[in-house]
Every structure is written in structure tokens, then in C-alpha cells.
Amino acid sequence: MLSYPLLLERQAARLSGAMELPPPHSGRIFLRLIRLARRGRETVMDIYTSGNRMRIRVTRFLAPLRETIKNDPIDGQFSVREDVSVPIEVSSTYLEPWDSFLKMMSKMDFGGFAHDLSDEIDADHYFMFYTNSSGYAAKGITNPHEKKWPENWLHLIHRSYGMELNPPRRLFYKEKIPA
């Protein structure tokens, strides 16, 4: 059975835009960053080669994705709730070749990212998948903002918030405030 963060990541991947994986050894790239913070907007950001240009696609979950996961109180297993749907917004645009995020990506060692997931329900979970069409890196981390050492994660996450604003918005997130 999958752990809570992995089941949540699987839900995000299932409901988000399709991965535009490059053909093997083509020199094209694909980066997916999944941000599943316990409060606020849960998003999937894809940056990938499209023709001779780079494209960004952002999938925004307009209601908490976490509500689609249930925890069975008897055996403690997590599963997907079929009775809950999450509205999404998918937006995309092309990036300028001189975009600073693209330059940052070209210098990052994605294989050097730490993999440090913990099975906490009330935590921030982030996932990254990167391929340059010759190799790949797939990593996850829990609560990186509470740790002092994952600088590459923090740099990527913080810069992604600005990148998320590139594609035009159509819908807006409605956070449920606890009573």
C-alpha cells in the first residue's frame, strides 16, 4: 500500500495535465514540480520542450486535493475517495529563451536533490521529476522549509512561485477555513 504522500502525489499526477516526456536521447527536457502544501494552493508545474521553444503548464487544484484521500481508522490504510471531485485549472504559455528560471534549470543538478519523504498527513510534500531525455531524477521531500539543509529544494520551490504566474489565470482557489 502507498504511503500518504505517495498516494497524494499519485492523485495530483492523475488529475493534472499529461506529462510531455521527450523521446529518448533527443536533447529535450521535462521538469515537473508538484507542490502539495498543507495550506494554500496545491499545484503541478511542468516545464518542457515544445518544438523549438520551452513551455510552462500549471495545473492548479481549486479545492484541497487532500480531501480526496481517506484514512481507514481500523487498519490505518490510505485510499482514494471516489465520492469527492476536485476542480482544476490548467493554463500554459511559452517561455522566452532568456528566462532566468530556464537558466537556473540548466545549472541545477537534479540528481543531487535529497529524497526525504515522511508519512505525515499534516505536512508539506513536494515532488520533482526531471529528465534531459538521457537520464532522469525523481525525488520527494517533506517539510523542506523546516529544514536548513535542502537549499536546492528551497531554491526550486521559491522560484516556482514566480514561474506559476506566467500562464494566464482563469479561475481562483477557494480555501476552506476551519471552524
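All values derive from a computational prediction rather than experimental measurement.
His158 pairs by the side chain to side chain contact (heavy atoms under 4.5 Å, CB included) definition with His145, Leu154, not counting sequence neighbours. Every residue meeting the side chain to side chain contact (heavy atoms under 4.5 Å, CB included) condition with Glu146, not counting sequence neighbours, appears here in chain and number order: Arg38, Asn143. Shown here are the side chain to side chain contact (heavy atoms under 4.5 Å, CB included) partners of Tyr94, two or more places apart in sequence or in another chain: Ser50, Arg53, Arg55. Legend: residues meeting ring pair (Phe, Tyr, Trp, His ring centres under 6.0 Å) with Phe127, ordered by chain and number and at least two apart, are absent. Scored by the side chain to side chain contact (heavy atoms under 4.5 Å, CB included) test, Pro22 finds Ser26, Arg28, Phe30, Thr131, Ser133 as partners (sequence neighbours excluded).
Side-chain contact, Arg60 with Ser91: a donor N or O sits under 3.5 Å from an acceptor N or O.
Linking ILVMFWY side-chain heavy atoms closer than 4.5 Å, directly or via other members, places Leu15 and Leu7 in a single hydrophobic cluster.
Salt bridge Arg35/Asp124: absent, no basic N to carboxylate O contact under 4.0 Å.
Closest non-hydrogen pair, Pro144 versus Pro150, comes out as O-CG, 3.8 Å.
Cation-pi check for Arg66 over Tyr4 is not met; the charged atom does not lie both under 6.0 angstrom from the ring centroid and within 45 degrees of its normal.
How far OG1 of Thr59 is from CD of Glu42: 12.5 Å, rounded to the nearest 0.5 Å. The distance from atom CZ of Arg41 to atom CG of Leu65, rounded to the nearest 0.5 Å, is 14.5 Å. Here the straight-line distance linking atom CG of Asp119 with atom OG1 of Thr142 works out to 8.5 Å at 0.5 Å rounding.
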| request: List the steps, then state whether ring-ring contact (aromatic ring centres under 6.0 Å, His included) holds for Tyr126 with Trp153. | output: CA-CA 9 Å; Tyr126 297 86; Trp153 272 107; 7.1 Å; no
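Pairs of residues two or more places apart, or lying in two chains, that qualify as side chain to side chain donor-acceptor pair (under 3.5 Å) and include a residue from residues 96-115 are Ser100-Arg159.
No more than 12 heavy-atom neighbours from other residues, nucleotides or ligands sit within 6.0 angstrom of OH on Tyr136.
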